[in-house]
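Here is the structure we will look at, set down as structure tokens.
Both counts, for ligands and for their atoms, begin at 1 and track the order of listing.
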Amino acid sequence: MGAGCKEAAAEVGIVLPTKDEPRWIQDETRFNDALVAAGYDFEILFSEGSSAKEKENVEALITKGIKVLIICAQDSAGAAAAAEAARDAGVKVICHDRLITDTDAVDYYATFDSISVGALQGGYLVDKATDTGNPLYLYAGAASDNNAFLFFEGAWNVLQPKIADGTFVIKNSSEAVALQDKATLTRDEMGTIIGQITTNWDFDDAKSLAEANLTVASAADKGDVFILAPNDGTARAIADAFAADSDVTSYVVTGQDVEIASVQYIIDGKQSMSVFKDVRLLVTDSIAAAVTYLEGGTPEATNTYNNGVIDVPAKPSVVVTVDKSNVQEALIDSGYYKASVFTGLD
Ligand code: BGC
């Protein structure tokens with residue numbers, strides 16, 4: 001139960017996917033901060049990585065009388081039933097960060113610009129690469145998460161021309177190699193590649209996959225390598241695996257979420273970059289949409305995202321590259337983190 005909640009009085013219910021992926025602890029913390037400060041009644045439940053638990057949580061919140069549901073899906077399609085249960089009970093459904101697909105029972109999507117997240121990751125690798133023939137290792141998020149497709153799409157848009165011109169050579173995905181001449185991929189094509197390079201957003205899966213890729217790669221496929229890692233948790237796992245391989249001379253590896261552990265890795269030179277998605281903005285957007293619905297209005301939208309059934313109104317927030325050169329300015333000076341959380345900051 002979130003601080004500030006009065007039992008059975010919450011008008012806004014918040015459902016987050018899991019505490020095992022550090023990103024969602026950021027969202028919980030920022031929701032607590034914002035809603036306590038604003039004096040709203042609310043309740044936050046976690047789905048423990050299970051769509052069944054997620055649906056139970058939504059049903060429990062409906063029973064308690066919520067009017068608006070803010071939900072970050074464990075599984076984009078798997079959450080459709082929970083969204084429909086809410087819709088049937090007259091509850092407005094706001095997708096938070098992850099779009100719920102395959103249903104018309106969603107009202108709004110509070111999100112970052114996820115295509116840009118992938119484009120910043122891909123663009124960082126491009127900026128660091130010189131000459132031709134640079135080994136490229138690709139990794140993706142969970143295929144059950146619609147965002148994994150958006151991130152990959154954004155990265156592919158930027159990387160593909162540099163694969164086509166020989167700057168990069170894909171080393172760990174025969175499916176990506178088979179499609180490397182295509183500037184734009186269909187969702188099914190992306191699904192084929194993601195199926196081969198998925199981390200399932202899981203550190204252990206990411207580590208095992210990276211180790212398996214390094215085992216089959218020859219020394220000539222290593223050297224100075226470039227790694228598209230989809231988020232910070234998987235980036236650290238993959239970076240550790242590459243750092244442990246004596247045939248890897250140097251690596252550039254991407255991430256996202258500015259998790260504290262990854263910011264420390266960036267300061268220490270063990271992760272190259274992260275994408276800063278200011279969760280304070282996202283939480284503000286979700287709450288603003290919820291309040292607008294409670295007051296009978298329609299939240300502001302600048303875009304739509306198709307979820308397979310309908311175009312869902314959204315107002316995507318901007319994202320920013322963070323590396324060693326701007327950690328202080330982007331994350332400390334902005335008040336996102338306290339400098340004392342880190343060691344070795346100049
Ligand atoms: C989020 C990322 C997060 C990932 C794994 C995605 O849907 O947008 O910020 O790293 O899930 O939790």
Task: Under-4.0 Å salt bridge between Glu84 and Arg87 - done: no
Open item on the list: Is the terminal nitrogen or CZ of Arg187 (NZ for Lys, CZ for Arg) located under 6.0 angstrom from the six-membered ring centre of Phe149 and within 45° of that ring's axis?
Closed with: yes
- [ ] Considering only NZ, NE, NH1 and NH2 on the basic side and carboxylate oxygens on the acidic side, decide whether Arg98 and Glu21 come within less than 4.0 Å.
- [x] yes
Task: Residues in contact with ligand 1, criterion: heavy atom under 4.0 Å - done: Glu21, Arg23, Trp24, Asp97, Arg98, Asp145, Asn147, Phe151, Trp201, Asn231, Gln256, Asp257, Lys277
- [ ] Identify whether the distance between the nearest side-chain nitrogen and carboxylate oxygen of Arg30 and Asp27 falls below 4.0 Å.
- [x] no
Open item on the list: Name the residue from Thr321, Asn147, Val275 that meets the side-chain contact (heavy atoms from CB on, under 4.5 Å) definition with Val117.
Closed with: Val275
Task: Co-members of Leu209 in a cluster of I, L, V, M, F, W and Y side chains, linked at under 4.5 Å - done: Tyr137, Tyr139, Leu214, Val225, Ile227, Ile238, Phe242, Val248, Tyr251, Val253
